[in-house]
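Both ligands and their constituent atoms are indexed starting at 1 by order of listing.
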Amino acid sequence: MNPNLSIYDNLGGAEGVRSLVEAFYPRVQQNELLSPLFPEDIMPVMDKQYMFLSQFFGGPALFSEAFGHPMMRARHMKFPITDRHAEEWLGCMAGALIEIGVEDDLRDFVLQRLSGPAHHFVNTP
Ligand code: HEM
């Protein structure tokens, strides 16, 4: 991990973020707790997540340019999200980071950055 670069650049830019998202959603779809929340056609979700994570990781603001202010917590309110959902979501992300070959220090840093938002989206006890 190069601490002078953004997460986006550390992951290898657009291609890296795309690979991450493509490794992540099959895990979500195979997860018993998470899969019922997601539509069968995962492509649109994958595209939006690619756009969001690009900007969240310090790359181009693709999501905001297309959809305006992210308001991510609000966008998740219609789904009942518990602490366990947050942990499973982060678990899928950890698996995806390993699958695409991200080294340990970068992986830990990325998971740490995502852990805040994941727990912030919890809206159900
Ligand atoms: C805490 C556990 C989480 C759960 C259970 C969850 C679940 C979901 C679900 C069900 C959708 C909607 C899929 C659809 O279009 O029908 C969604 C959309 C999305 N999620 Fe999550 N999510 C979680 C955490 C996160 C985190 C941590 C991020 C990013 C930091 C994130 C980013 C997004 C984005 C960008 C979308 C698309 C938003 C849109 O439709 O405009 N999610 N999520």
Which of the numbered atoms in ligand 1 are below 4.0 angstrom from a heavy atom of V45? 13 (C), 14 (C), 15 (O)

May I ask you to identify the nearest protein heavy atom to atom 39 (C) of ligand 1, giving residue, atom name and distance to one decimal place in Å? K48 CD, 3.5 Å

Kindly compute the distance separating CD1 (I81) from NE2 (H120), expressed to the nearest 0.5 Å. 11.0 Å

Would you mind finding which of F67, F56, Y50, F52 brings a heavy atom closest to atom 30 (C) of ligand 1? F52

Which bit of M72 is near ligand 1, meaning a heavy atom under 4.0 Å away: side chain, backbone, both or neither? side chain

Closest H76 atom to atom 21 (Fe) of ligand 1 [N, O or S only]: NE2

Show the atoms of ligand 1 that are less than 4.0 angstrom away from any heavy atom in F63. 41 (O)

Which pair of heavy atoms, one from M51 and one from A66, lies closest together, and at what distance? CE-CB, 3.6 Å

For residues F56 and R113, report the shortest heavy-atom separation together with the two atoms involved. CZ-O, 3.5 Å

Could you identify the single nearest non-hydrogen protein atom to atom 11 (C) of ligand 1 and state the distance to 0.1 Å? F79 CE1, 3.7 Å

In ligand 1, the atoms that come under 4.0 Å of a heavy atom of A86 are 1 (C), 2 (C)

What one should report as the nearest heavy-atom pair of P80 and T124 is CA-OG1, 3.4 Å

Atom 1 (C) of ligand 1 has as its nearest protein heavy atom A118 O, 3.4 Å

Give the C-alpha distance, both sets of side-chain angles, the deciding distance and a yes or no for side chain to side chain contact (heavy atoms under 4.5 Å, CB included) between F121 and M72. CA-CA 8 Å; F121 300 165; M72 266 310 144; 3.3 Å; yes

To the nearest 0.5 Å, tell me how far L20 CG sits from F57 CZ. 6.0 Å

Under the salt bridge (Lys or Arg N to Asp or Glu O under 4.0 Å) test against R27, which residue among E99, E88, E32, E22 passes? E99

Which residue supplies the protein heavy atom nearest to atom 31 (C) of ligand 1, what is that atom called, and how far is it? Q49 NE2, 3.5 Å

Can you name the atoms of ligand 1, numbered from 1 with element, that are less than 4.0 Å from a heavy atom of L114? 30 (C)

Contact partition for L37 relative to ligand 1, non-hydrogen atoms under 4.0 Å: both

Numbered atoms of ligand 1 (with element) below 4.0 Å of P39, judged on heavy atoms: 13 (C), 14 (C), 16 (O)

Starting from V17, can I reach F67 by hopping between I/L/V/M/F/W/Y residues whose side chains sit under 4.5 Å apart? yes

Checking salt bridge (charged side-chain N to carboxylate O under 4.0 Å, His left out) for the pair R18/D47: CA distance, chi angles, key distance, verdict? CA-CA 9 Å; R18 192 73 214 179; D47 288 341; 3.1 Å; yes

Ignoring hydrogens, just give me the one of F38, F121, W89 whose non-hydrogen atom is nearest atom 7 (C) of ligand 1. F38

